[in-house]
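See below for the structure under consideration.
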There are 2 protein chains.
Amino acid sequence: MLNITRKVEYALIALRHMQSKSDNTLTSANEVAKQYGVPRELLAKTLQQMAHHNILEAVQGPTGGYKIVAELDQISLKDFFEKLEGPLGMMDCYFDSDCVQIANCNIRVPIQRINNNMRDMFSQMTLQEVTQ
Amino acid sequence: MLNITRKVEYALIALRHMQSKSDNTLTSANEVAKQYGVPRELLAKTLQQMAHHNILEAVQGPTGGYKIVAELDQISLKDFFEKLEGPLGMMDCYFDSDCVQIANCNIRVPIQRINNNMRDMFSQMTLQEVTQ
DNA sequence: TTATATACGATAAAATTAGTCCTATTTAAT
DNA sequence: ATTAAATAGGACTAATTTTATCGTATATAA
Ligand code: FES
Ligand code: FES
């Protein structure tokens, strides 16, 4: 319960790996996949997603790869999670709200309270703290 | 991401419902299932589980049901979640530790840090705060 | 021209979660 | 005694979500 997804896990592995290298060197999906025993395709998609969100920059062609371009201490863990996995919450009733139970539901407000606590917590942690 | 399970959701609905009633009245699974449009069987199992953990007391036979016997302000949300769903963590590597990647994994420590923050947060919230 | 990389949509497989079914037992009410 | 309504709990099925793979296109260095 309350697990992070593989996608986030692979993203963190890759970021951490990149941070341990010099700033201008590129890291390919292959390199990370091989070194950490992670599925290449899925990792690649995740890297692409991070590039799309301007956390990484992608360079195509052979000798290509990715490098970190964002200031990781400016990105909250909450934002990071949401970039990769969408809205962060313990229940979905508050985002799409097509929940049919919403009329006679007695826990919407209390759960929202937990939610806010959790979002606050992840808002206060930065990506840098995790990958450094 | 980081969603709670239906089981926990149903448990909270039931607890909240019970708290709105006088202390000695019993609440049956049927009553809650009907009122909140929740699957009876699954709810029943959840109530049984809470009874097993001495949060509720069960009374058998017709006119039977459940009532709250624990001090809800003495039960942390962390304990509650773990009673219902088992160990609370963003990755399982830290509990069973049969993870084959553990040798060349570069995010075990950082994730554990996030984990601790999350566990701390849920340790500080009580069930009472949520169901009151 | 070739090889190796990113890009990305589509699909398949696996795992988890959610829900149902069935039978047994308890016990109040008739 | 019998019935009906409740808990108890194992086994199973269905649904959903997550995870992984496949296939094809494009970019580009060698
Ligand atoms: S279950 Fe959707 S609002 Fe409570
Ligand atoms: S993936 Fe299991 S220890 Fe990192």
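In what follows, chains are A, B, ... by sequence order, proteins preceding strands, each numbered from 1.
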Which of these nucleotides, [options], is closest to any side-chain atom of [X]?
| X | options | answer |
| --- | --- | --- |
| B/Y66 | D/dT7, D/dA20, C/dT20 | D/dT7 |
| A/A58 | C/dT6, C/dG19, C/dT27 | C/dT6 |
| A/Q48 | D/dT7, C/dA18, C/dC8 | C/dC8 |
| A/E41 | D/dT21, D/dA20, D/dG9 | D/dT21 |
| A/L42 | D/dT21, C/dA18, C/dC21 | D/dT21 |

- With the threshold set at 4.0 Å, does a side-chain nitrogen-carboxylate oxygen contact exist between A/E41 and A/K45?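 Not counted as a salt bridge, because no side-chain N and carboxylate O are separated by less than 4.0 Å.
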
Atom pair distance, as rounded to whole Å: [atom1] in [X] and [atom2] in [N]:
| X | N | atom1 | atom2 | answer |
| --- | --- | --- | --- | --- |
| B/L2 | C/dT17 | CG | C1' | 16 Å |
| A/I4 | C/dT16 | CD1 | P | 15 Å |
| B/Q49 | D/dT7 | CD | P | 15 Å |
| B/N3 | C/dT16 | CG | P | 16 Å |
| B/L26 | C/dT26 | CG | P | 18 Å |
| B/M1 | D/dT19 | CE | C1' | 15 Å |
| B/Q60 | D/dA8 | CD | P | 5 Å |
| A/L47 | C/dA5 | CG | C1' | 12 Å |

- Query: Which residue lies toward the 5' end of DNA chain C, A/P62 or A/H52, if each is placed at its nearest nucleotide?
  - Reply: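 Nearest nucleotide further toward 5': that of A/P62.
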
- Option passing side-chain contact (heavy atoms from CB on, under 4.5 Å) with B/L127 (candidates B/D73, B/L77, B/D79):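 Per the side-chain contact (heavy atoms from CB on, under 4.5 Å) rule, the option paired with B/L127 is B/L77, out of B/D73, B/L77, B/D79.
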
- Query: Heavy atoms under 4.0 Å, any strand shown: does A/A44 hit a base, just sugar-phosphate, or nothing?
  - Reply: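 Answer is nothing: A/A44 stays at 4.0 Å or more from every strand.
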
- Task: May I ask you to say what A/A51 touches in the nucleic acid, namely base, sugar-phosphate or nothing, with a heavy-atom cut-off under 4.0 Å?
- Result: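 Nothing, no heavy atom under 4.0 Å.
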
- Task: Look at B/Y10 and C/dG19 and indicate whether a side-chain polar atom (N or O) is within less than 4.0 Å of OP1 or OP2.
- Result: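 For C/dG19, OP1/OP2 do have a side-chain N/O of B/Y10 under 4.0 Å.
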
- Item | Side-chain N,O (A/N30) to OP1/OP2 (C/dT4) below 4.0 Å |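 No.
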
- With DNA chain D as reference, determine whether A/T63 or B/A29 sits nearer its 5' end, using the nearest nucleotide of each.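 Between the two, 5'-proximity favours B/A29.
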
- Query: When you match B/R40 and A/E85 each to their closest nucleotide on DNA chain D, which lands nearer the 5' end?
  - Reply: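 Nearest nucleotide further toward 5': that of B/R40.
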
- Message: Using 0.5 Å steps for rounding, measure from the CD1 atom of B/I107 to the CD atom of A/E9.
- Response: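 If we round to the nearest 0.5 Å, B/I107:CD1 and A/E9:CD are 4.5 Å apart.
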
- Task: Give a yes or no on whether A/E71 atom CD has more than 12 heavy-atom contacts from other residues, nucleotides or ligands under 6.0 Å away.
- Result: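 It does not: A/E71 CD has 12 such atoms or fewer within range.
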
- Message: Check this for me: A/K34, atom NZ, are more than 12 non-hydrogen atoms of other residues, nucleotides or ligands nearer than 6.0 Å?
- Response: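 Incorrect, the count does not exceed 12.
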
- Message: Under 3.5 Å, is there any donor-acceptor pair linking the side chain of B/K7 to the base of C/dG19?
- Response: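 Such a pair does not exist between side chain and base.
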
- Below 3.5 Å, does any donor atom in the side chain of B/K45 face an acceptor in the base of D/dG10, or the other way round?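 When only heavy-atom distances are counted, B/K45 does reach the base of D/dG10 through a donor-acceptor pair under 3.5 Å.
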
- Any B/Q124 side-chain heavy atom under 4.5 Å of B/E129 side chain: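 No, too far: nothing below the 4.5 Å cut-off.
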
